[in-house]
Amino acid sequence: MTSPLYARHKRTTLAIATAVAAGALLTTGLTSGSSVAADSSAAGKPALAAAPVLLTAPARAALIKEQQADATGTADEIGLGDQEKLVVKDVVKDADGTVHTRYERTYAGLPVLGGDLVVHESESGETKGVTRATKAALKVASLKPAVPAAKAEKQAVTLAKAAGSEKTEANFTPRKVIWAAAGKPTLAYETVVGGLQEDGTPNELHVITDAATGKKLYEYQGIETGTGNTTYSGKVTIGTTKSGSSYTLTDGTRGGHKTYNLGRGTSGTGTLFSGSDDVWGTGNPSNLETAAADAHYGAQVTWDFYKNTFGRSGIRNDGKAAYSRVHYGNNYVNAFWSDGCFCMTYGDGSGNTHPLTSLDVAAHEMSHGLTSATAGLNYSGESGGLNEATSDIFGAGAEFFANNSSDAGDYLIGEEIDINGDGSPLRYMDKPSKDGDSKDAWSSSLGGLDVHYSSGPANHFFYLLSEGSGAKTINGVTYDSPTSNGSTVTGIGRTKALQIWYKALTTYMTSTTKYAAARTATLNAASALYGASSTEYKAVAAAWSAVNVG
């Protein structure tokens, strides 16, 4: 999956309405020190019983193995059919011993898209509940397609070409799946189309075709320490590795994160940055090392933010890092995450002078990987908007966490990279409609928007939950956040708001979660963390009501 940072202004093509399951920044949040660490005991355990604990890689692997060994029994216990099997995707363990296991599902050996679920078990192993992407019983009339795979492939390639894709072809033969994300479960084909989107972003268009009728059911895009002298964050310390007499941009203390130079290419890994000294860049984008220093620093901060705030070791929580690629394409004005390479990729912007490597952009792209590794929110419609909002939320959170005076924390997205050419940010969390396209509140038409604009109500919710409504100034930035129902919302602070969103994402959201279900997920998270009668729970409800959800 590839997810770009933003969508082009007013673009209405398919490339915008879908994602490459990575996440791009364009239409394609917390105070310094406000982390789990601040709420932890000296032993490093979160004080909140329902907060996640940091698992070592061996402990996580052992827990996954244990849950997979019990998967058959779990499937029986929660009432799945004889042809259904569970495959463990992720596990989260809370301080009180509760284990949340996220499963993918198969039916007669076929992947079930939209069949994911989370089983919540007490420390004693008792099942406390199940969160499902679909409540429909899995049953299809026939496993024999009436439509040939070639027809599904042609349909997918045609859709991609109509959206302006270049070098367009199917990445592999369409695979049979069970489509269960909407309505009655159906035998279908999934075709993945490669090439390039119209703005040069890699294409990974997933098209789901009914195997009985040939009708298109769904589509989405898959493409969502030394001294660094950076463009946006000033002079910073970054993790590097010395080998012999030279240094490389390899962070051995954070899962082995590496930063590569694509040299304006659009494929491959690129060349690992290396040098005879341990100083990277000059602060000027004309020096190719400068963008690398920004990207490397952003990945470092995001890793530390995840670990210190949520007890999470890397994107997949397995202690292994993604990697970064800079200098993608020529005059490429975007950045994106790709599941395929498990990497972040950054263009150099207009005139190759404004690299999209600011801190909040780096954290935004890495957070697409986090969403993919957890809830797997489909990158289309309302769930796609929630996917984008999650990246904006954690992008803002990482920026506040860094406490960098050159790029102080704020609720503005992409304010440093000057995408619009007038110094304005890409998105505003306090009043999303200020960008001219995003929505402040939910409406029934929200799902038809590009995901970078349907993210507005969730971004607005997070701002209101953190800071409350009305006028205020934070770190020198003036905000004035309205409510759709005329209410006054009192915030609970970024620390708690981040904990609630993270827990909702990792334990109560699924691939098909829409806004109404996101409200339920965050209320469940607030209840687990702070109690069902707590101020925090009531604030979550009030903030959602203020953006017309619930």
Requested in this report: Indicate yes or no for a side-chain donor-acceptor contact from D116 to the backbone of S511 under 3.5 Å, with no hydrogens or angles considered.
Outcome: yes
Query raised in the report: Does any non-hydrogen side-chain atom of Y297 lie less than 4.5 Å from one of Y232?
Result: no
Report task. Could you tell me whether the side chain of F401 reaches within less than 4.5 Å of the side chain of D304, counting heavy atoms only? Result -> yes
Query raised in the report: Do side-chain atoms of D294 reach the backbone of T231 as a donor and acceptor pair under 3.5 angstrom?
Result: yes
**Report entry** Over 12 foreign heavy atoms within 6.0 Å of NZ, K431
**Finding:** no
Report task. Dump the intermediate steps for side-chain contact (heavy atoms from CB on, under 4.5 Å) on E399 and D407, then the final yes or no. Result -> CA-CA 8 Å; E399 191 176 74; D407 185 8; 3.2 Å; yes
Requested in this report: From the options L464, N459, D440, select the one residue that forms a side-chain contact (heavy atoms from CB on, under 4.5 Å) with V547.
Outcome: L464
Query - H120: which of T127, N524, T131, T507 passes side-chain hydrogen bond (donor to acceptor under 3.5 Å, both in side chains) - result: T131
Report task. May I ask you to establish whether R316 and F342 are in a cation-pi arrangement, using a distance under 6.0 Å from NZ or CZ to the six-membered ring centre and at most 45° from the ring axis? Result -> yes
Query raised in the report: Is a side-chain donor or acceptor of E536 paired with a backbone partner of A526 at a separation under 3.5 angstrom?
Result: no
**Report entry** Spacing of CG belonging to D318 relative to CZ belonging to R312, to within rounding of 0.5 Å
**Finding:** 8.5 Å
Query - Side-chain touch R132/I78, heavy atoms, less than 4.5 angstrom - result: yes
Query raised in the report: Would you say the side-chain atoms of Q68 pair up with the backbone N or O of L86, donor to acceptor, closer than 3.5 Å?
Result: yes
Report task. Say whether Y530 and T535, considering side chains only, have a donor N or O and an acceptor N or O under 3.5 Å apart. Result -> no
Query - Sub-4.5 Å side-chain heavy-atom contact between L446 and Y453 - result: no
Query raised in the report: So how far is it from T478 OG1 to N475 CG, rounded to the nearest 0.5 Å?
Result: 11.5 Å
Report task. To the nearest 0.5 angstrom, please state how far the CG atom of N334 sits from the OG1 atom of T345. Result -> 10.5 Å
Query raised in the report: Are the aromatic ring centres of W179 and Y218 under 6.0 angstrom apart?
Result: yes
Report task. Provide the closest heavy-atom pair for T506 versus R102 in the form atom of the first, atom of the second, distance. Result -> O-NH2, 3.0 Å
Report task. Please tell me if the side chains of V540 and L465 come closer than 4.5 Å, counting only heavy atoms from C-beta onward. Result -> yes
Report task. Measure from the side-chain N and O atoms of S383 to the backbone N and O of L377, and report whether any donor-acceptor pair falls under 3.5 Å. Result -> no
**Report entry** N404 side chain to S233 backbone, donor-acceptor under 3.5 Å
**Finding:** yes
Requested in this report: Classify the angle between the aromatic ring planes of Y411 and Y463 as parallel (below 30°), tilted (30 to 60°) or perpendicular (above 60°).
Outcome: perpendicular
Report summary line: To the nearest 0.5 Å, atom NZ of K514 lies from atom CG of N378 at 10.0 Å
Query raised in the report: E467 versus Y479: any side-chain heavy-atom pair under 4.5 Å?
Result: no
**Report entry** Close side-chain approach of L426 and V361, heavy atoms under 4.5 Å
**Finding:** no
Query - More than 12 heavy atoms of other groups within 6.0 Å of R60 CZ - result: yes
Report task. Give a yes or no on this: more than 12 heavy atoms of other residues, nucleotides or ligands lie within 6.0 Å of atom NZ of K472. Result -> yes
Report summary line: Between the NZ atom in K258 and the CG atom in D251, the distance rounded to the nearest 0.5 Å is 10.0 Å
Report summary line: Between P432 and G456, the two heavy atoms sitting closest are CG-O, 3.3 Å
Report task. Taking all non-hydrogen atoms of both residues into account, name the closest pair between N485 and S545 and its distance. Result -> ND2-O, 3.4 Å
Query raised in the report: How close do S372 and K89 get, heavy atom to heavy atom, and via which atoms?
Result: O-NZ, 2.8 Å
Query raised in the report: How far apart are the C-alpha atoms of H452 and R427, what are their side-chain angles, what is the distance that settles it, and do they pass the side-chain contact (heavy atoms from CB on, under 4.5 Å) test?
Result: CA-CA 9 Å; H452 298 85; R427 287 187 285 278; 3.9 Å; yes
Requested in this report: Could you walk me through whether L505 and T390 pass the side-chain contact (heavy atoms from CB on, under 4.5 Å) test, one step at a time?
Outcome: CA-CA 8 Å; L505 176 77; T390 295; 3.9 Å; yes
Requested in this report: Start with the C-alpha gap between S484 and N548, add the side-chain angles, then the distance that decides, and say whether side chain to side chain donor-acceptor pair (under 3.5 Å) holds.
Outcome: CA-CA 6 Å; S484 66; N548 198 35; 5.0 Å; no
Requested in this report: Start with the C-alpha distance between L498 and F394, add both sets of side-chain angles, then the distance that settles side-chain contact (heavy atoms from CB on, under 4.5 Å), and finish with yes or no.
Outcome: CA-CA 8 Å; L498 281 165; F394 292 147; 3.8 Å; yes
Query raised in the report: T512 and A133: which non-hydrogen atoms are nearest, and at how many Å?
Result: OG1-O, 2.6 Å
Query raised in the report: To the nearest 0.5 Å, how far apart are OG1 in T357 and OH in Y346?
Result: 7.5 Å
**Report entry** Worked check of salt bridge (charged side-chain N to carboxylate O under 4.0 Å, His left out) between D94 and K503
**Finding:** CA-CA 10 Å; D94 294 343; K503 187 166 186 65; 3.1 Å; yes
**Report entry** Plane angle bin for H296 and H257 - parallel if under 30°, tilted between 30 and 60°, otherwise perpendicular
**Finding:** tilted
Report summary line: ring pair (Phe, Tyr, Trp, His ring centres under 6.0 Å) test vs F461 passes for just one of W442, W544, Y515, namely W544
Query raised in the report: Okay, side chain of D90, backbone of T374: is any donor-acceptor separation there less than 3.5 Å?
Result: no
Query raised in the report: So, does S527 use its side chain to make a donor-acceptor pair with the main chain of G531 at under 3.5 Å?
Result: no
Query - Where L249 and A292 come nearest, the two heavy atoms and their spacing - result: CD1-CB, 3.7 Å
Query raised in the report: Do the side chains of Y103 and R105 get nearer than 4.5 Å, heavy atoms only?
Result: no
Query - Check: H460 side chain, S481 main-chain N or O, donor-acceptor pair, under 3.5 Å - result: no
Requested in this report: Ignoring hydrogens and angles, tell me if any N or O in the side chain of R494 forms a donor-acceptor pair with the backbone of A497 under 3.5 Å.
Outcome: no
